[in-house]
Amino acid sequence: MQIKRDVYLNKLIRRQHNGLIKIVTGLRRCGKSYLLFTLFHQYLLDKGVKQDHIIEVALDDIKYSDLRQAKTMFEYVEKQIVDNEPYYVILDEVQLLENFVDVLNGFLHISNVDVYVTGSNSKFLSSDVVTEFRGRGDEIHMLPLSFSEFVTAYGGDIGEAWNDYFYYGGLPLVLTKELPEEKEEYLLMLFKELYLTDIMERHYIRNVAEFNELIDFLASAVGSLTNPVKLSKTFKSRKNKTISDVTITKYLEYLCDAFIVSKAIRFDIKGKKYIGSPVKYYFEDVGLRNARLNFRQTEENHIMENIIYNELRYRGFHVDVGIIQLYGRDEKSGQKTKRNYEVDFVATKGNQKYYIQSAFTIGTQDKQEQEEKSLHNILDSFTKIIVVREDKKPRRTEDGIIIVGIKQFLLNQGLL
């Protein structure tokens with residue numbers, strides 16, 4: 001089964017020979033190795049690059065264990081460069097390489113070498129990894145399968161594909177599991193034995209129970225505004241445990257650095273400024289979120305919102321939570337009033353901007369007006385969209401707001 005990952009493949013192609021180390025980051029098992037060793041490798045061959053000019057090393061393979069030494073690796077690559085034609089050095093699990101930052105920077109001094117790397121533990125996957133290369137790294141962040149990528153490999157009915165995607169997420173190996181229990185066991189195993197183990201070992205987390213409970217809180221309230229102080233109070237009220245907001249802040253950073261979750265910051269649309277705390281947290285894969293809660297809390301409205309957030313990031317948008325602050329006066333007291341209206345997502349890319357609401361249903365006129373209210377208070381001319389659960393082709397209201405079904409939104413690349 002071959003899964004097209006054209007968005008990421010094209011990013012690699014555009015970055016060829018740019019003088020930087022191409023660093024593919026992302027959640028474990030999201031397809032980074034497949035992107036480099038299969039899709040990009042085949043692209044190079046198709047473009048006429050000779051096989052012996054593609055130097056690939058999977059450092060987790062026992063036959064390459066001696067290449068985990070810095071000097072040995074550098075000499076191994078250097079010996080294979082015998083002419084002035086371009087060479088491509090592709091290293092997987094590069095965190096296993098001794099002093100890998102120095103080795104990779106050393107490769108950049110060889111004029112006809114183009115370097116691509118990936119890794120899959122929290123040490124390498126931390127979001128600040130590019131800074132270790134002193135400005136000589138070019139990060140390509142990879143997400144699990146988008147719905148459109150998922151559909152190309154699913155091969156069945158779109159409705160059935162949506163149900164599977166919504167429930168089990170987009171990690172590629174999930175598609176190879178036939179039975180529901182196999183998919184659930186796989187996701188549960190990944191969360192417990194790979195992701196959490198990586199984070200806890202790297203950061204020497206001692207309060208394992210509290211760390212796990214924090215993840216459960218985030219999973220249960222995905223897409224809800226929160227902050228460390230609020231979460232600290234939640235621990236006190238629900239669990240009668242005292243965990244400082246400083247500790248919770250560190251835990252949240254660990255989860256973001258390992259790409260388990262991502263945060264969206266509030267943005268004042270009228271004031272054109274960031275507000276800061278509180279923020280929203282979304283899971284990079286909804287299947288992992290569902291697995292974390294043992295598939296017991298699968299509220300479709302929250303999961304749909306999470307999927308839209310990930311889709312916007314997949315399409316290259318910077319995504320914020322929009323806030324519209326409206327001021328007025330109380331008719332009786334005459335006192336000044338302030339009301340906040342939320343726009344689920346403000347998606348920005350270059351000079352493009354979209355305001356997007358995730359609405360499970362707008363079955364009544366009142367519900368539609370409720371969802372449209374915040375959008376009506378945005379006075380600029382950028383496109384406004386409401387995404388609903390029902391199968392609806394894009395239609396435009398009299399006020400210019402586009403209403404579209406979730407599957408149509410995810411599959412229609414031309415809508416944004």
Side-chain angles (χ1 to χ4, degrees), residues 1-11 24 26-40 42-43 141-191 194 222 259 282-295 297-316 358 360 387-394 404-416:
M1 176 178 64
Q2 187 174 58
I3 303 173
K4 292 184 178 180
R5 309 300 304 266
D6 290 346
V7 166
Y8 305 106
L9 178 59
N10 288 331
K11 287 182 178 181
V24 182
L27 187 69
R28 292 193 72 168
R29 302 293 188 268
C30 73
K32 301 183 299 298
S33 301
Y34 178 77
L35 172 66
L36 287 176
F37 281 77
T38 301
L39 300 179
F40 187 57
Q42 187 59 52
Y43 166 81
H141 183 61
M142 193 172 194
L143 291 163
L145 298 174
S146 69
F147 184 58
S148 58
E149 291 174 323
F150 184 87
V151 166
T152 63
Y154 188 81
D157 176 76
I158 294 294
E160 293 176 357
W162 166 255
N163 291 335
D164 259 20
Y165 187 75
F166 154 82
Y167 204 68
Y168 301 114
L171 291 175
L173 280 179
V174 170
L175 282 165
T176 67
K177 313 294 181 183
E178 293 186 8
L179 300 177
E181 55 266 32
E182 292 176 341
K183 297 177 183 180
E184 293 179 7
E185 289 170 2
Y186 172 69
L187 291 169
L188 289 166
M189 179 276 295
L190 280 183
F191 213 121
L194 271 76
V222 66
F259 306 120
Y282 295 97
F283 277 70
E284 294 233 342
D285 182 73
V286 295
L288 290 173
R289 179 266 178 194
N290 294 338
R292 183 64 206 181
L293 300 174
N294 291 311
F295 300 92
Q297 297 180 35
T298 52
E299 306 92 338
E300 199 162 2
N301 54 335
H302 294 150
I303 296 173
M304 192 176 96
E305 183 179 327
N306 199 141
I307 290 172
I308 294 171
Y309 172 78
N310 288 339
E311 177 70 18
L312 293 170
R313 294 178 62 222
Y314 164 74
R315 298 193 192 188
S358 174
F360 185 66
V387 183
V388 298
R389 171 65 179 86
E390 296 89 351
D391 285 330
K392 288 183 178 291
K393 294 181 179 179
V404 62
I406 179 64
K407 292 191 284 292
Q408 289 78 6
F409 174 80
L410 297 174
L411 295 175
N412 185 352
Q413 298 292 318
L415 192 61
L416 298 182

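Atom CD1 of I303 and atom OG of S358 lie 11.5 Å apart (nearest 0.5 Å). We find the CE-CD distance between M304 and E311 to be 13.0 Å, quoted to the nearest 0.5 Å. Taking CD from E284 and CG from L171, the interatomic distance works out to 10.5 Å, rounded to the nearest 0.5 Å. The CZ atom of F259 lies 9.5 Å from the SG atom of C30; values are rounded to the nearest 0.5 Å. One distance of note links CG of L173 with CG of L190; it measures 8.0 Å at 0.5 Å rounding. The distance from atom CG of N310 to atom CZ of R315, rounded to the nearest 0.5 Å, is 12.5 Å.
Listed by chain and residue number, L9, I13, Q16, F40, K47 satisfy the side-chain contact (heavy atoms from CB on, under 4.5 Å) test with Y43 (two or more places apart in sequence, or in another chain). Every residue two or more places apart in sequence or in another chain was checked for a side chain to side chain donor-acceptor pair (under 3.5 Å) with E185, and none qualifies. Here H302 pairs with nothing under the ring-ring contact (aromatic ring centres under 6.0 Å, His included) rule; sequence neighbours left out. Considering only residues two or more places apart in sequence or on other chains, F147 meets the ring-ring contact (aromatic ring centres under 6.0 Å, His included) condition with W162, Y165. Partners of E299 under the salt bridge (Lys or Arg N to Asp or Glu O under 4.0 Å) rule, at least two apart in sequence or in another chain, are R289. By the ring-ring contact (aromatic ring centres under 6.0 Å, His included) test, F283 is found to be paired with no residue, residues two or more places apart in sequence or in another chain being considered. For E300, the salt bridge (Lys or Arg N to Asp or Glu O under 4.0 Å) partners are R389, not counting sequence neighbours. Residues passing the side chain to side chain donor-acceptor pair (under 3.5 Å) test with Y282, sequence neighbours excluded: E305. Under the salt bridge (Lys or Arg N to Asp or Glu O under 4.0 Å) criterion, E184 pairs with no residue at all, not counting sequence neighbours.
Judged by distance alone, the side chain of Y8 and the main-chain N or O of L143 form a donor-acceptor pair under 3.5 Å. Here the side chain of D285 pairs no donor or acceptor atom with the backbone of G169 at under 3.5 angstrom. A donor-acceptor distance shorter than 3.5 angstrom exists from the side chain of N290 to the backbone of F166, with no hydrogens or angles considered.
Residues in residues 164-181 take part in these salt bridge (charged side-chain N to carboxylate O under 4.0 Å, His left out) pairs, two or more places apart or across chains: D164-K183. Within the structure, every pair that satisfies the salt bridge (charged side-chain N to carboxylate O under 4.0 Å, His left out) test and touches residues 148-161, not counting sequence neighbours, is listed here: R5-E149.
With a 4.5 Å cut-off on side-chain heavy atoms, V286 and V222 do not count as touching.
Shown here for P172 and L145, the closest heavy-atom pair between the two residues is CA-CD1, 4.0 Å. When every heavy atom of A161 is checked against every heavy atom of F150, the shortest pair comes out as O-CE2, 3.5 Å. Residues L194 and M189 approach most closely at CD1-SD, 3.7 Å, considering heavy atoms. The two residues A291 and L187 make their nearest non-hydrogen contact at CB-CB, 3.7 Å.
A side-chain contact (heavy atoms from CB on, under 4.5 Å) with I3 is found for exactly one of L39, L175, T38, L35, namely L175.
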Just list the side-chain donor-acceptor pairs under 3.5 Å for residues 404-416, sequence neighbours left out, or say none.
| from | atom 1 | to | atom 2 | distance (Å) |
| --- | --- | --- | --- | --- |
| K407 | NZ | D391 | OD1 | 2.7 |
| N412 | OD1 | G414 | N | 3.1 |
| N412 | OD1 | L415 | N | 3.4 |

